[in-house]
S.K.: 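Following this message is one structure expressed as structure tokens.
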There are 4 protein chains.
Amino acid sequence: MMSSVGVFSLGASEGSSEKIVINVGGVKHETHKSTLMTLPGSRLAQLVDTEKPLSELFFDRHPEVFTHVLQYYRSGKLHCPTNLCGVLLEEEFDFWGIRGTDVEPCCWAAFRRNKDAVEASAQIDPSVMENEQSSHKAWQPKIWALFDNPLSSVRAKVIAVVSLFFILLSITAFSLQTHPAINPHQMYEVSADNSSENFIENVSVLPRVLDAVELVCLIWFVFEFVMRAVSCPSKPRFFMNVMNIVDLLALFPWFLRWCSGTYCTKALGFLHVMRCIRVLHIFSLMQHVFGVRVLKHTLRASATALCTVPLILFSCTLIFGTMAYYTEFNYIDSSFTDIPSSCWWAVVTLTTVGYGDMYTVTVPGRCVAILCAMVGVLLIILPVPIIVSNFIKFNSLLKTKYSMARKKEKISVHTASSS
Amino acid sequence: MMSSVGVFSLGASEGSSEKIVINVGGVKHETHKSTLMTLPGSRLAQLVDTEKPLSELFFDRHPEVFTHVLQYYRSGKLHCPTNLCGVLLEEEFDFWGIRGTDVEPCCWAAFRRNKDAVEASAQIDPSVMENEQSSHKAWQPKIWALFDNPLSSVRAKVIAVVSLFFILLSITAFSLQTHPAINPHQMYEVSADNSSENFIENVSVLPRVLDAVELVCLIWFVFEFVMRAVSCPSKPRFFMNVMNIVDLLALFPWFLRWCSGTYCTKALGFLHVMRCIRVLHIFSLMQHVFGVRVLKHTLRASATALCTVPLILFSCTLIFGTMAYYTEFNYIDSSFTDIPSSCWWAVVTLTTVGYGDMYTVTVPGRCVAILCAMVGVLLIILPVPIIVSNFIKFNSLLKTKYSMARKKEKISVHTASSS
Amino acid sequence: MMSSVGVFSLGASEGSSEKIVINVGGVKHETHKSTLMTLPGSRLAQLVDTEKPLSELFFDRHPEVFTHVLQYYRSGKLHCPTNLCGVLLEEEFDFWGIRGTDVEPCCWAAFRRNKDAVEASAQIDPSVMENEQSSHKAWQPKIWALFDNPLSSVRAKVIAVVSLFFILLSITAFSLQTHPAINPHQMYEVSADNSSENFIENVSVLPRVLDAVELVCLIWFVFEFVMRAVSCPSKPRFFMNVMNIVDLLALFPWFLRWCSGTYCTKALGFLHVMRCIRVLHIFSLMQHVFGVRVLKHTLRASATALCTVPLILFSCTLIFGTMAYYTEFNYIDSSFTDIPSSCWWAVVTLTTVGYGDMYTVTVPGRCVAILCAMVGVLLIILPVPIIVSNFIKFNSLLKTKYSMARKKEKISVHTASSS
Amino acid sequence: MMSSVGVFSLGASEGSSEKIVINVGGVKHETHKSTLMTLPGSRLAQLVDTEKPLSELFFDRHPEVFTHVLQYYRSGKLHCPTNLCGVLLEEEFDFWGIRGTDVEPCCWAAFRRNKDAVEASAQIDPSVMENEQSSHKAWQPKIWALFDNPLSSVRAKVIAVVSLFFILLSITAFSLQTHPAINPHQMYEVSADNSSENFIENVSVLPRVLDAVELVCLIWFVFEFVMRAVSCPSKPRFFMNVMNIVDLLALFPWFLRWCSGTYCTKALGFLHVMRCIRVLHIFSLMQHVFGVRVLKHTLRASATALCTVPLILFSCTLIFGTMAYYTEFNYIDSSFTDIPSSCWWAVVTLTTVGYGDMYTVTVPGRCVAILCAMVGVLLIILPVPIIVSNFIKFNSLLKTKYSMARKKEKISVHTASSS
Ligand SMILES: [K+]
Ligand SMILES: [K+]
């Protein structure tokens, strides 16, 4: 057909008219033999070079990818189609003896895209996903699911609500104990004036009620911790988990108090804060909601870039604090007495909180304040793109991963039931 | 053609040179028979295995998809082209006896994308869209459109403006009544000093004017509610709608006042807030603007993820409030007297409002405040990606859905008029 | 070839083995005749139905699109490839007698995408773009470019800087005149105490200097306005432009002052604000920077959706203001004396400004404040996705439009110079 | 095959039935000769026009691109496929004698996309990337890497930490010196009352300790600067770098102090701020973290558009400041005494800092404040899309560039080791 009269032939290398047909998976590509010699190290160049004259070559490979491989021979530039997976392209390029690094810069994104997605997808820890499947054997995983995954059953939901109720109850009781009217230390001071004696009588019952409430909460927390510790699938991982250590430490203030018999809230301040960290349990309960899981991955992936924000804040605080000090300290009655307090003003302005306890009054001081506030506004915005781009990435990754996992599960269930 | 001299053949399985031509919709694919045996359960493997030797197979299917199916036989990896619809791929894979779950992880996104879009598109409730078509039959839908959709006609626009005017008028009248100079309760106190008596005389007319204004507004609201209730297409849905219940409740304070004869604003405080919720009617009027509809869908889809923000705020408030209390309470004249008021400071700082009624003064207290403000800034940013990603999704979904719906309408109108 | 021994044939309709070859632009598609009868109204069904038996049809059309058209006959579902332009698909579908509305919902986005881009691109007003080309004929456009486009030449840059200098100078002079130490009205009051007489002597020269400065600025502004008015390409458009009207009105306070001879700043307050609006000229000068132009288009396109934010703010202000009033007004020394001032507090909290002049103190009042601040934070975030999605759209649209326009210009210049 | 009986032929130009086969790289395209005449200047039209009658043409070019070229002849509209690289399309269009500017507006984005990516990628300065490779020859680059790139080795990390420690130490020492209790100037004033004499005795040791600390820091900074200056690869570039000039200037206050012998902090205020700018060294140390590098490119690319934000802030400040002044100055005890201080209020409100030192109290003044705060909130949001779109762009660009660079490196190392 090709040697028929009236066929006009034209191409990149017009001199050598000797053509060759390369049949790749049924699709026939035609080119001049000289074209194939342009890439000496590649598979085709070696075949054409060494063997006897051929009119047709057959390869059982992907025909569409070969179009682009052949174009590389013709133009010397390796472009990648965006509709084919980069991983597939790399496999085929390997077969044809072409290096992936020869891809033109304009097509790097197309060549890398899927590979990057696979690498990012691999970062998503499988431990979170396997939770959903392995809970139908012995009593241990059942109890674990009961206390750890509120979405696993109705009973787990009830336990989650009860747990939340006790956390909020204990925090409320604890917060109220610091109130001047209830706190026993301050009560003595107040009792000096006789007019409010009746009120004190009335109120003095409350501390005892709060003590009882705390005891009940303590019993629940100990019970819950023991149940979780006993039923957890891996002891070392359980005691390495920060949340569980916090849980254990949060029990100390209660025990210390019951042991010593005296109330020493103020001295054990640090331990009491621990109790409030129990509130973070709400998140461990919400971890099974999809959006929260995406947020978690987003924050983990953004951590390195996000830590620049405190650094910039710290640097700006020092610079603006020092500048404000030197512009304001000469002013009579200035509250900018020293650089550390000047830095406090700078932080309050940079975060746009602006308590109003300190503010610049001189003209250069106000210029510094304006700059400071503007940098602060920019600072708030800076982490937005990092979080946005990571969220969009992980949202699509997790959505894809879950829908595929659910599909696979269905098939395996279907296969198991049909056999 | 394939058995001609000078044909060199090379492929994945070089040993068995027996080739087979698979004609799919006119496009001829060639491969070795042994290649087709690599996936034993699939349609092609069964055909090649059981039947008599064949040199060509014809299938009336999509030729482009088969390229990728055949590549699966060759390389054992199922990649998906991104230019073909995932739904089409699944249909074809089903025909060829290949499971969608065999798709390589790098191509999951390409395989799922359109299916996810269809599922998301199905979430968009059609009830909002059908509004635009069904309004040209009886008097009932006409009146309903008049009061419910301001974009339906010029008269509807006039009624919307009138309705808005009465809402604003009644709220203004109601707000002014609480002003010390007008409020009758406080007037008696003021009237004790004689110097401002003339002013009171002058002002005392105003309450009566405001009463008259309220009466007029009341008449309009009752009229509007009755018209809407009578003309609504579905009674149960109308009375289940939160906005309509609010409307009904918002009428109570007026009736109570006119019945009892005395003015008891302060006791009925809760009911008076109801009146202001009428302002939300502005949104029900704006619901027919495209951008607002996208925002509505965005907020609805982001609701689950957005509810983490109050939770984080609540947790951080407790933690930072407690920390600030323990770092500040020893300071003389400290305003951090108890944990609840310390938590108030924490919220004011976390939201970066910073009233300045409370602020930390000790060095550790200020460190807590800096941490608190930084977490607050991060907290403000956290919901941004959720809203952004959902908005971009629903914006394109709704835009596509509307333009296709409008096109279909045009065609149906055209067909109706031509026939 | 198709009737050879050993050919196995299988497809959607296995019964009728009569095959047909459809040659579209050189690519041969094969199918069963019965397949083509599934869509009775289409071009192919009519051809096969009415004419004499054919074994091959030739069409000089796009071969790739026909693959998808034929698949529609086979499966009854019309999918669109994403790599082909939606406009091209529509043209080809029209030829084959297939309606665009038959496209499956999963492929609507692929079918509409390019059309939406074209429609959005058409919104970009060409008037801004033609500015760059038409400035090389008479004196009029040259002077217009000199005063209107600072990027057109070095002289235009100098004039822009001079204009900016005079604007800033006049505003500085005007601002200083209101300072208590300079303002002649307050000077008399100050001069009562003799101790600072020497200072007054010294200062009293300043008002005269400021008057002289204002006169010089006035002369420049009149000159600039006349030059622009004379050289503008279209008089009606020039006087319809808001900025030019503001310019004209901003000249009034000066003239009024020079006419009347007395200084009546305070009475003419409104007109003096006009002067400051001249500052907006900076933007008309920056309009030729690419990023600013994108921002302008973004804001214009986002306007409808952005106007919901003030509406939500207004509604929330009323609701939270009323709620705060009813929770706070019983408290002694409360600053929440009436609903209007309560609404002021609500706005200050919603925008997270938090001056601290008013703040809630009761427990329910603080709960309202917390809700209010949280809604405020959400409110700030709400317009972000609208602006982001529009910016990304217009950024790519304008970038593409400019690069294509520049390329066309180069070619036309090249063609003009070569001929 | 084409002249066989029973072949029906139909196309865009049905009149001239003379067909031509164009074999492009093995793929045969068929069309009517008249179709090729529609674009007179192109390569195919010239061939068909001038030469003798041909039935087949062969071109050794990309077959897929030619499908779209031929479609241009058929329909007169040039559409681009999105799966092929725009650069490849342009090369092929050039061969076929078609201008890139003939591409339809709907396909401009597809045609330009990759070219824009290449241009943006070229902006990324290679100097930052080459750092990672050239550090294994002489002592000079080794020392340079030691002091400049903390990620290059463990020793470099130690030096970075030491450097950071000295920066923080010197700033702490410097900040403490301004504290009233330590500052020698204020000490004399305090010493007047005898009661705190013992405390002063105790404290007066501290200034001497701080002096010693400063001396040690000074020695380290001089050592570090000398090492960096000696080992830097390019002297001119080193002394042109802003950070290094700041480093040098930051040494001055110390020298001036040690020379003069007296402490003149307040007079040399400006120079002392320099010391704090040393804190920015943290960023030069973090420059080698990926996320920070993306942020840096993002900010550089967004600079032009971001500078509109201060401009808008400046304009709004003037406008709202003037408006607030004219609405508030009549109020007794108003803090809005003049326009400059009114502008201070406007800035504090626009940035949502809201110190509370000034706030409007009249009704029109509060309306101005509400407008001002709302514009402020919008202003904060405005730069978000610019940063987001640039970050997403540079994130993918840099990620692609790095992964390709790392791959190339691996191959070169592999090749070097194998040879
Ligand atoms: K604030
Ligand atoms: K504030």
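Every chain is numbered from 1 and lettered A, B, ... according to where its sequence line falls, protein lines coming before strand lines.
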S.K.: Pick from D/Leu350, D/Leu295, D/Asn395, D/Ile392: which one has the most heavy-atom pairs with chain A under 4.5 Å?
M.R.: D/Leu295
S.K.: Tell me which of these, A/Val27, A/Val361, A/Ile312, A/Thr327, has more heavy-atom pairs under 4.5 Å with chain D than the rest.
M.R.: A/Ile312
S.K.: Check for a donor-acceptor pair, side chain of A/Arg112 on one end and backbone N or O of D/Thr400 on the other, with a separation under 3.5 Å.
M.R.: no
S.K.: Do A/Trp345 and D/Tyr355 pair up side chain to side chain, a donor and an acceptor below 3.5 Å, judged on atom types alone?
M.R.: yes
S.K.: Can a side-chain donor-acceptor contact be found between A/Gln71 and D/Glu91 if the only test is distance below 3.5 angstrom?
M.R.: no
S.K.: Quick one: side chain to side chain donor-acceptor pair (under 3.5 Å) pairs with a partner in residues 308-321 of chain A, sequence neighbours left out?
M.R.: none
S.K.: When you compare the side chains of D/Asp60 and A/Thr31, does any donor N or O come within less than 3.5 Å of an acceptor on the partner?
M.R.: yes
S.K.: Please test D/His62 against A/His68 for ring-ring contact (aromatic ring centres under 6.0 Å, His included), starting from the C-alpha separation and ending with a verdict.
M.R.: CA-CA 8 Å; D/His62 200 287; A/His68 299 273; 5.2 Å; yes
S.K.: Side chain, backbone, both or neither: which part of D/Leu397 has a heavy atom under 4.5 Å from chain A?
M.R.: neither
S.K.: For A/Glu30 and D/Asn23, run side-chain contact (heavy atoms from CB on, under 4.5 Å): C-alpha distance rounded to whole Å, both residues' side-chain angles, the deciding distance at 0.1 Å, then the answer.
M.R.: CA-CA 9 Å; A/Glu30 276 174 55; D/Asn23 183 339; 3.0 Å; yes
S.K.: Any heavy-atom pair between the side chains of A/Tyr359 and D/Val353 that's under 4.5 Å?
M.R.: no
S.K.: I need the residue from D/Pro81, D/Gly356, D/Gly86, D/Ser175 with the largest number of non-hydrogen atom pairs under 4.5 Å to chain A.
M.R.: D/Ser175
S.K.: Determine the option with the most heavy-atom pairs under 4.5 angstrom with chain A, choosing from D/Leu84, D/Thr172, D/Asp357.
M.R.: D/Asp357
S.K.: Any non-hydrogen side-chain atom of A/His79 less than 4.5 Å from a side-chain atom of D/Val87?
M.R.: yes
S.K.: Could you measure the distance from the CG atom of D/Leu88 to the SG atom of A/Cys107? Nearest 0.5 Å is fine.
M.R.: 7.5 Å
S.K.: Considering non-hydrogen atoms only, spot the tightest contact between D/Phe58 and A/Lys19 and give its length.
M.R.: CE2-CD, 3.4 Å
S.K.: Check whether D/Leu168 gets within reach of chain A through its side chain, its backbone, both or neither, counting any heavy atom under 4.5 Å.
M.R.: side chain
S.K.: Between D/Cys85 and A/Glu104, is any pair of side-chain heavy atoms under 4.5 Å apart?
M.R.: no
S.K.: Heavy-atom cut-off 4.5 Å, strictly under: side chain, backbone, both or neither for D/Thr298 against chain A?
M.R.: neither
S.K.: Closest heavy-atom contact between A/Arg74 and D/Gly25?
M.R.: NH2-CA, 3.3 Å
S.K.: Taking only distance into account, with no hydrogens and no angle test, what donor-acceptor pairs under 3.5 Å do side-chain atoms of residues 378-389 of chain D form with protein atoms, sequence neighbours excluded?
M.R.:
unit_1   : atom_1 : unit_2   : atom_2 : d
D/Ser389 : OG     : D/Pro385 : O      : 3.2
D/Ser389 : OG     : D/Ile386 : O      : 3.3

S.K.: With the side chain counted from C-beta on, respond yes when A/Ser75 and D/Arg61 share a heavy-atom pair under 4.5 Å apart, and no when they do not.
M.R.: no
S.K.: Side chain, backbone, both or neither: which part of D/Ile171 has a non-hydrogen atom closer than 4.5 Å to chain A?
M.R.: side chain
